[in-house]
Amino acid sequence: MVQTMTLREQIAALIKTGLEQVQAAGDLPAFEVPDFIPIAPSRHDSHGDYGSPVCMGLARVLHKAPIQIAKAVAAHIPQAEFVEQVEVAPPGYINVKFSADWLARQVPVVLAAGECWGNITLGQGERIQVEFVSANPTGPITIGSARNAVLGDTLASVFEAAGYDVTREYYVNDAGSKVRNFGASILSRYANLLGVDMPFPEKGYPGDYVTVLAQELVDARGPHYLELDSDAAVRELAVWGIDRMLEGVQDDLAQLRVSFDTWRHEKSLYAEGIFDEMMQKLRESGYVVEHDDAVWFRSDDLEKDAVLIRSPQVIPDPEDRPTYLASDIAYVWDKLTLRGFDKAVYIWGADHHGDVPRVQSAARAIGLDVERLVFVLYQLVTLRRGGEEVRMSKSSGEFVTLRELVDEVGPDPIRFMMLTRTVDVKLDFDLDLAVEQSDRNPVYYVQYAHTRIAGVLRKAEEEGLDPFVTGDPALLTHPSELALIRKMVALPDIIALSAENLAPHHLTTYASELAALFHVFYHECRIISLDEGDVELTKARLMLVRAAKVVLARVLHLMGMDAPERM
RNA sequence: GCCCCCGUAGCGCAAUUGGAUAGCGCAACGGACUUCUAAUCCGUAGGUUGUGAGUUCGAAUCUCACCGGGGGUGCCA
């Protein structure tokens, strides 16, 4: 069950019709109907459920008071099943109030939709690729990447719900000098373990995990790699090490309930000739210049040129060739042309914001529509322990791994905390607070609502009632029941909002509000009553809480969280 | 030097993207369990949205300047 129009869109359509009809009827002079009609949920009950200030904007063109325009328009807004009343409020709002009957009747609709509740057709099957995490495979996943992982995965889920055909991809940076340093780091540790002195590379990776890898090698292969030519050994060990790290990355992310459809290796862009194809294109169209022992990408929409590749001669082995921008351009070409995605979404830390114009400009240079590139830049995570900031970097060898954190607090609190804030704000991750399992942690508030419903349904069964009864929705008339349903029917709009604005944090706000309305309802209305006169009401309310449970589970699952039956 | 992000109640953050009376959670204070899980609910208190101008019917939101905090970038030029 997929909704083709969200409530917001339906209301916009009604008002649009009103705007057209009022002119056709000659009640207002001719004017151009705006293609975007602002509609927002009302913040006060006296304003109905949704309101639109569209007539305020028309006051100037029509030289009339907004309230008069609103009245004239409102008179031409057609009837709709879900609308009880269209009201005009000063200074010129058009407010729409939902019909209570209609709201109650949405309960079985939600139940019928089940885990599909909230799905919309916004994306119209467009193929969208979300590339995220893509951390260098030269070490384990850190907490810094956790925000990326959660944002990317959740956004991908939101896109799926919004009707896109989604691919989750991890880009493996397995070419270039970092990889060589990684291999050399392993070799040096390996040699040391075997009692052979070998200097540690200047830009090597000092973390303990490298020594662990080296030990593994010693155990498995003995001194084999010392017998090889050291270049060959480094090369072999780099490939082996990266494979080993990727296994760990995949595993760690799985613990956070993040997984990928595809893993694209940077090296394969060279092996498949995509890199050469792209360079060829750029050369032909004159975007490439060579000077100072480097190849530059030159474009009028960049203030400065950007380094494409460090050495002008095309060296066959990408590991010997620090490439800067070039791989990224080949990769865009791969995404949008060779593999035919309609859109490519990049989830990047704000420290990469400088790369955005370069990639955009390069995409334009190879003839791609920049609108197809979507960048989500999030502010970085700072980690606190005991009130003190923990600096992290793989090259310093000091960091807190995702694995450690997940083992300690579980995936749900991490996911919720990473999602709560907008991407624009820096995230302070307080390890002490994350560990704390108390009501200071809003995660449990939402999950508890789900658990409570599960408890009620179990209780119903114990009392000999059928928890899956179909009741009469018309009996659901209590204000707290209707408030809960109002929130339930808003989910499709929340999904649209999150997808359009690349803002998955709306899900956490929504989940908390939904849970709050359930808790209020729970206090004000007894669900299971064994009184003879309450038989029908009990059925109706069991049906309502079951639907509420469906919506809570849906939004929790969209966020990649568990919807527990017990806590 | 230039670029990006942030500044909203004591603290941490929202505000459907320019709309009505700026919300939520912690923390504080006062209430509610012989009841389907109190990890809950109800109430009280807390604000010149960093400062100053501008844009307009209307600004937390857009523009400019300044003040604070964070991050990027500057070898060619």
Side-chain angles (χ1 to χ4, degrees), chain A residues 6 8 36 38-44 46-48 50-60 65-67 89-93 95 289 291-294 296 303-307 348-357 377-380 382 389 417 420-428 430 433 436-449 451-463 465 467 480 490 493-494 496-498 500-501 503 505-506 508-510 512-513 515-516 518-530 538 541-542 545 564 566-567:
Chain A
T6 69
R8 204 182 144 87
F36 174 74
I39 308 282
S42 302
R43 285 205 276 244
H44 298 94
S46 60
H47 298 154
Y50 281 81
S52 176
V54 66
C55 296
M56 252 95 83
L58 294 169
R60 174 187 314 229
I67 186 94
Y93 289 94
N95 291 328
V289 288
H291 58 84
D292 296 341
D293 205 26
W296 301 80
E303 283 179 26
K304 294 176 222 161
D305 299 346
V307 188
W348 279 357
D351 52 341
H352 286 99
H353 85 264
D355 295 332
V356 173
L377 296 173
Y378 62 91
Q379 296 296 311
L380 300 178
T382 53
E389 189 176 323
M417 282 175 131
T420 289
R421 290 157 184 77
T422 57
V423 296
D424 289 332
V425 352
K426 182 178 69 118
L427 184 63
D428 268 313
D430 188 330
L433 187 70
E436 197 179 317
Q437 294 203 10
S438 71
D439 52 3
R440 288 165 60 95
N441 207 328
V443 185
Y444 303 112
Y445 182 82
V446 177
Q447 290 185 321
Y448 180 55
T451 306
R452 253 186 163 172
I453 297 174
V456 171
L457 296 176
R458 279 196 301 271
K459 172 79 177 176
E461 210 155 12
E462 283 166 26
E463 298 290 352
L465 298 170
S480 68
D493 271 311
I494 295 301
L497 184 67
S498 304
E500 282 171 337
N501 297 311
H505 77 277
H506 286 117
T508 60
T509 312
Y510 175 79
S512 300
E513 288 169 355
F518 167 75
H519 288 309
V520 170
F521 155 75
Y522 179 90
H523 269 266
E524 295 198 358
C525 297
R526 176 82 199 176
I527 298 160
I528 297 171
S529 164
L530 299 176
T538 295
R541 285 185 172 162
L542 280 173
V545 295
R566 292 170 200 274
M567 280 171 74

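Numbered from 1 within each chain, the chains take letters A, B, ... in sequence-line order.
If H47(A) and T420(A) are placed on RNA chain B by their nearest nucleotide, the residue sitting closer to the 5' end is T420(A). Nearest-nucleotide mapping onto RNA chain B: of D428(A) and A40(A), the residue sitting toward the 5' end is D428(A).
Taking atom CZ on F36(A) and atom P on U16(B), their separation rounds to 11 Å, with Å as the unit. With rounding to whole Å, Q447(A) atom CD is found 16 Å from G25(B) atom C1'. As a whole-Å value, the separation of Y445(A) OH from A39(B) C1' is 11 Å. The interatomic distance linking R526(A) (CZ) with C33(B) (P) rounds to 16 Å, in whole Å. Nucleotide C36(B) holds its C1' atom 11 Å from the CZ atom of R458(A), rounded to whole Å. Summarising the geometry, the separation between NE2 on H505(A) and C1' on C13(B) is reported as 10 Å, rounded to the nearest angstrom. The nearest whole Å value for the distance from the OH atom in Y510(A) to the C1' atom in C24(B) is 16 Å. Rounded to an integer number of Å, the gap from NZ of K426(A) to C1' of C13(B) is 14 Å.
Looking at N95(A), its side chain never comes within 3.5 Å of a backbone N or O of G48(A) through a donor-acceptor pair.
For the P atoms, the distance linking U8(B) with U48(B) amounts to 12 Å, nearest Å. Rounded to whole Å, the P atom of A39(B) lies 22 Å from the corresponding atom of C24(B). Atom C1' of A22(B) sits at a distance of 12 Å from the matching atom of A59(B), rounded to the whole Å. Going from the P atom of G74(B) to that of A14(B) covers 31 Å, rounded to whole Å. For C29(B) and A9(B), the C1' atoms lie 16 Å apart once the distance is rounded to whole Å. Taking the P atoms as reference points, C36(B) lies 24 Å from G43(B), given to the whole Å. Across U49(B) and C62(B), the matching P atoms stand 16 Å from one another, rounded to whole Å. U55(B) and U61(B) have their P atoms separated by 15 Å, with the value rounded to a whole Å.
Each of G19(B), A39(B), U40(B) was ranked by its minimum atom distance to the side chain of M567(A); first place goes to A39(B). Of the candidates G72(B), U17(B), C57(B), C57(B) carries the atom nearest the R60(A) side chain, counting heavy atoms from C-beta on. In the set C5(B), A14(B), U16(B), A14(B) carries the atom at the smallest distance from any side-chain atom of V425(A). The listed nucleotides are C57(B), C36(B), G72(B); the one nearest the side chain of I528(A) is C36(B). The nucleotide whose nearest atom lies closest to any side-chain atom of Q379(A) is, among U40(B), G70(B), G19(B), G70(B). For A89(A), taking side-chain heavy atoms from C-beta onward, the closest of the listed nucleotides U17(B), A20(B), A15(B) is A20(B). In this structure, the nucleotide among C41(B), G71(B), A14(B) sitting nearest to the side chain of H519(A) is C41(B). Nearest nucleotide to the R43(A) side chain, out of A14(B), U17(B), A20(B): A20(B). Of the candidates C4(B), C36(B), U17(B), the closest approach to any side-chain atom of K459(A) belongs to C36(B). Side-chain proximity of H523(A) to the nucleotides C41(B), G72(B), A39(B) is greatest for C41(B).
At the heavy-atom level, N501(A) lies under 4.0 Å from base atoms of the strands shown. In this structure, L457(A) reaches neither bases nor backbone, as no heavy-atom distance under 4.0 Å exists between it and the strands shown. The residue G455(A) sits close only to the backbone: its heavy atoms come under 4.0 Å of sugar-phosphate atoms, none of a base. At a threshold of 4.0 angstrom between heavy atoms, the contacts of N95(A) include nucleobase atoms, whether or not backbone atoms are also involved. At the heavy-atom level, G51(A) lies under 4.0 Å from base atoms of the strands shown. At a threshold of 4.0 angstrom between heavy atoms, the contacts of C525(A) include nucleobase atoms, whether or not backbone atoms are also involved.
Salt-bridge annotation for E462(A) and R458(A): absent, with no side-chain N of the basic residue lying under 4.0 Å from a carboxylate O of the acidic one.
A cation-pi contact links R452(A) to Y522(A), judged by a cut-off of 6.0 Å to the six-membered ring centre and 45° from its axis.
Secondary-structure annotation of RNA chain B gives the stems B:1-7 with B:67-73, B:10-13 with B:23-26, B:28-32 with B:40-44, B:50-54 with B:62-66, with a stem taken as at least 3 successive Watson-Crick or G-U pairs whose two distances both fall under 3.5 Å.
Residues V356(A) and L377(A) have side chains in contact (heavy-atom distance under 4.5 Å, counting atoms from C-beta outward).
Considering only side-chain N and O atoms, Y444(A) lies nowhere under 4.0 angstrom from the phosphate OP1 or OP2 of C26(B). OP1 or OP2 of U17(B) has at least one side-chain nitrogen or oxygen of R8(A) nearer than 4.0 Å. Phosphate contact (OP1/OP2 of A38(B), side-chain N/O of R452(A), threshold under 4.0 Å): present. Contact check, H506(A) against A15(B): a side-chain N or O comes under 4.0 Å of OP1 or OP2. Between H352(A) and G71(B) there is no side-chain N or O to OP1 or OP2 distance below 4.0 Å. Taking only side-chain nitrogens and oxygens, Y50(A) never comes nearer than 4.0 Å to OP1 or OP2 of U16(B). Residue R421(A) places at least one side-chain N or O closer than 4.0 Å to OP1 or OP2 of C13(B). For T422(A) and C13(B), the shortest distance from a side-chain N or O to OP1 or OP2 is not below 4.0 Å.
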Which is it for I527(A) and T538(A) under the side-chain contact (heavy atoms from CB on, under 4.5 Å) test, yes or no, and what are the steps along the way? CA-CA 6 Å; I527(A) 298 160; T538(A) 295; 5.7 Å; no

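Taking each heavy atom of I528(A) and L465(A) in turn, the nearest pair found is CG2-CD1, 3.9 Å. Across all their heavy atoms, C55(A) and G92(A) have their closest contact at CB-O, 3.7 Å. Considering all non-hydrogen atoms of both residues, S480(A) and V520(A) come closest at CB-CG1, 4.4 Å. In terms of heavy atoms, A350(A) sits closest to L380(A) at N-CD2, 4.2 Å. Contact between Y93(A) and P91(A) at its shortest, heavy atoms only, is CE1-CD, 3.6 Å.
G19(B) has no base stacking with the ring of Y93(A) when judged by centroids under 5.5 angstrom apart and an interplanar angle below 30°.
Ring-plane geometry between H44(A) and H47(A) is classed as perpendicular, the angle between the planes exceeding 60 degrees on a 0 to 90 degree scale with a lower cut at 30.
U21(B): glycosidic angle beyond 90° from 0, hence anti. Using a 90° window around 0 for the glycosidic torsion, C6(B) falls outside it and is classed as anti.
Here the CG-NZ distance, from D428(A) to K426(A), works out to 4.5 Å after rounding to the nearest 0.5 Å.
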